[in-house]
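Structure first, commentary second.
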Amino acid sequence: MVDEKINNENQETDNVSSFGYATFFSTITKGFFLGIGTYMMFEISKVDTYISVIIGALTSIITIAILYFIKRHSESKDIIDLNKSLFGNVIGTILNIILCIALLVLIILILQNITQFVKILYMPDTQINYIRILFLIPIAYAANKSIGIIGRISQIVFFVNFVMLFISLIGLIPKINMDNLLPVLKDGVNPTLRSGFIYFILYSFPLLLLTIIPNYKIKSSKHSKLKVVIIFLYVTFVMFTRIIMSILVLGQEVIDVYRFPEYMVLKMSTLFGIIERMEDTLAMQYHSDVLMFCIFAMYFIMTFIRKKIKNQKAIKTIPYVISIFIFIVLNILFKESMVAYEFTEKYIISIIIVGIFAPMIITLIGTIARALKTKMLNLKSAI
Amino acid sequence: MKTKIFILIVAMFLFNGLANSRELNDLAILSSMGIELDEDGNYLITVQILNTKKPDSSSGNSSSGGSGTSNVTVFKSNSSTIHGALRDIVLQSSKKIYIAHMELLLVSEEVAKTDMFDILDFFIRDNENSNNFILAVTKDTTPKEVLEILTPLETNPTQSIKNTIKATYKNKGTTIDNILTENIQIMLKPGMNMVAASVGIDGEVKKEEGSDNINSSASSAKVIAKELAYFDKKSLMGYLTEEEGLYYNLGLDDLKSGMLNMGTKEDGYVVEILNAKSSSTPRVENDKYIIDFNFDLSCAITEISREKKIETFDEEVIIQKEIEERIKNGFESFANKCKNEYESDLIGFGNIYYKRLNKEYEKLMAKYGDDYLKHIDINTNVKVKLVNEGSVMSIW
């Protein structure tokens with residue numbers, strides 16, 4: 001009786017609700033913007049960066065289409081099994097390894113960024129390794145859990161971030177100066193398009209990671225697709241708001257001075273003229289974005305390893321082993337903060353394109369090819 | 001289960017935000033700072049720290065004046081850098097300076113004439129610093145003398161100075177209350193130069209003043225808000241007049257309230273500006289760069305001499321025209337002074353072109369470079385509405 005109950009509970013937590021799945025579109029996609037994406041976008045398109053968000057969001061629909069196409073033709077397999085079934089064991093495994101290595105590198109880079117953010121702005125006297133461990137422990141712990149639990153974490157993070165955003169907006173609206181939006185498109189459309197491309201890359205690639213959740217693990221409901229559409233629009237609104245508020249309140253001149261302008265703008269937020277200095281609390285939304293991405297990326301890697309290793313006890317220690325590896329790499333490679341920062345700025349787009357987009361496009365081509373083949377066969381048999 | 005407990009215990013020790021924790025008792029909360037130069041050319045920092053020591057209640061008088069203890073303590077320190085001087089204060093103070101609640105930064109004229117970017121770099125770079133402080137230049141005095149004066153109306157002298165600046169800005173319109181972020185924005189804007197509030201001392205500063213300043217109702221020294229200080233890109237150049245300060249705020253659509261003394265003592269009257277709206281439109285005509293300023297003001301007559309009449313509609317129109325003429329001439333004269341005498345683009349004529357006609361701005365800069373200001377003309381259009389002549393209908 002008790003075993004049955006535990007089994008039922010395990011089955012439930014192994015499935016993610018449709019709302020939980022939809023919240024992934026928000027919670028795992030914003031991690032690379034703080035200090036990396038927004039900084040690069042502001043550098044290129046200056047005052048017109050808010051236009052890039054719209055351009056980037058519109059082009060992200062392509063990624064969502066790719067995601068849905070792959071899922072539709074995945075025969076209820078996750079991306080790991082799908083690659084193997086499409087391309088055979090060897091090439092499939094190579095593709096999966098490329099994905100996992102790219103994700104590992106991205107986790108390292110994003111962790112370095114967030115620990116620098118926390119060290120500079122929150123805890124300058126604290127050893128950076130303590131901060132790294134502080135982030136790695138919940139990531140490793142949560143990545144060990146089932147997708148259902150990660151989905152629930154995502155839902156909580158989604159609601160907390162919504163409240164933080166709402167409070168930030170109310171506090172910043174009195175400080176808006178519309179003149180700061182001028183001049184519009186001073187350097188033409190090119191910088192805006194380049195900046196939009198960066199947004200597209202950084203926002204879209206986590207969406208492709210959702211292929212790790214096979215269809216049977218997603219509880220379908222009446223309005224599943226509608227939930228995804230609403231949350232996608234919400235995320236676009238969030239990113240648009242973060243960027244346009246930075247411009248309207250701080251102005252381009254002040255944004256150019258700071259590395260984390262979306263944090264600096266929160267310093268100007270006051271509630272009813274009484275409650276000030278809320279920036280540290282309101283910036284928790286940025287920490288949770290990073291944590292969610294790392295948890296999901298680690299879950300992706302764990303899923304691949306689970307299919308290779310049968311020993312259950314060993315599987316449970318893998319996230320901790322990976323965390324220790326990340327910790328060591330951060331200490332060896334990124335002793336100086338500027339090294340990490342320059343590396344990230346230079347190579348992150350290339351890493352994402354080569355490590356995530358390229359394998360996914362190959363999977364997409366394989367999926368299209370198989371779908372066409374199946375259609376042809378059906379036509380032949382019908383004839 | 002055991003693993004979870006182990007992880008929890010490890011995490012508890014590793015939650016080392018405690019390494020960064022500081023007790024309130026260990027902090028010297030800084031409310032204002034003054035920067036000037038000493039004889040060796042080093043920075044002399046004067047800081048006003050809030051005194052958290054409990055007042056002695058046995059004297060039966062809990063006010064700061066009566067017991068002889070002040071609510072603030074002043075420390076001075078010098079070093080070749082600002083942060084160095086601040087850190088050296090720990091040699092005198094039992095607590096480390098905590099700068100996050102700083103509300104006022106006073107800068108001497110000498111220091112303001114050097115590179116303001118260098119001065120402000122420390123305040124922008126360190127995250128713990130407040131971004132909400134007002135920057136003011138000390139006119140004809142030093143920050144040290146200003147910060148050593150205790151004030152009768154407020155227990156925290158910094159609050160008194162800050163509120164004086166804010167009250168002058170809101171009620172007279174002859175100064176500004178920009179915080180650091182706003183100052184940096186103006187400093188970095190293309191085609192615009194910064195202004196800053198200034199403060200001075202009215203009266204005689206006695207050496208051993210102690211609590212004398214707050215014990216007497218007619219204290220010998222008071223800190224007063226003075227005229228706006230204007231800068232070129234980074235250094236202090238001089239001061240505007242009071243009326244020019246009003247036109248500065250008017251030009252930037254930032255005038256909350258103001259007052260104009262019209263006419264002579266015999267036939268004069270006083271106009272209070274209740275509400276002001278400004279707009280500016282740049283244009284280029286026959287290779288001439290012109291900015292059209294439109295001012296819409298609501299005014300009230302608050303005082304009038306016996307020689308002046310305002311009993312009929314025609315008389316009201318005459319007065320309206322006089323006020324419009326005065327504001328138009330005053331603003332144009334201020335603009336011309338900015339071009340020719342001050343040589344500093346205070347209202348931001350260049351910035352208006354930069355934002356609204358960017359291509360023309362580039363042509364302007366390519367043609368004239370840093371001398372662009374002299375080649376921009378202004379055209380002023382003033383509309384005054386007299387909403388209130390007071391409750392007196394005829395000469396009494």
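Just the heavy atoms: all of them, side chains too, but no hydrogens, waters or symmetry mates, feed the values below. Below, chain A is the first sequence line, B the second, and so on; all start at residue 1.
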Nearest 0.5 angstrom please: [X] [atom1] to [Y] [atom2], how far?
| X | Y | atom1 | atom2 | value |
| --- | --- | --- | --- | --- |
| B/Asn131 | A/Lys267 | CG | NZ | 5.0 Å |
| A/Tyr258 | B/Thr181 | OH | OG1 | 5.5 Å |
| A/Glu276 | B/His101 | CD | NE2 | 9.5 Å |
| A/Glu253 | B/Ile186 | CD | CD1 | 10.0 Å |
| B/Leu188 | A/Gln252 | CG | CD | 10.5 Å |

Handout entry: Partner residues of A/Asp256 under the salt bridge (charged side-chain N to carboxylate O under 4.0 Å, His left out) criterion, sequence neighbours left out
Key = none
Problem - Residues in side-chain contact (heavy atoms from CB on, under 4.5 Å) contact with A/Val189, at least two apart in sequence or another chain - result: A/Leu193
With a 4.5 angstrom heavy-atom cut-off, could you sort out which part of [X] is near chain B: side chain, backbone, both or neither?
| X | answer |
| --- | --- |
| A/Leu181 | neither |
| A/Ile120 | backbone |
| A/Val249 | backbone |

Handout entry: SB check A/Asp179 B/Lys189 (cutoff 4.0 Å)
Key = no
Problem - Portion of B/Arg125 that has a non-hydrogen atom of chain A nearer than 4.5 angstrom - result: neither
Completion exercise
Per-residue tally against chain A (heavy atom, under 4.5 Å) across B/Ile124, B/Asn132, B/Leu357 peaks at B/Ile124
With a sphere of 6.0 Å drawn around [atom1] of [X], does it hold more than 12 non-hydrogen atoms of other residues, nucleotides or ligands?
| X | atom1 | result |
| --- | --- | --- |
| B/Arg283 | CZ | yes |
| B/Asp121 | CG | yes |
| A/Phe325 | CZ | no |
| A/Lys175 | NZ | yes |

Problem - Non-hydrogen side-chain atoms of B/Tyr354 and A/Leu182 separated by less than 4.5 Å - result: no
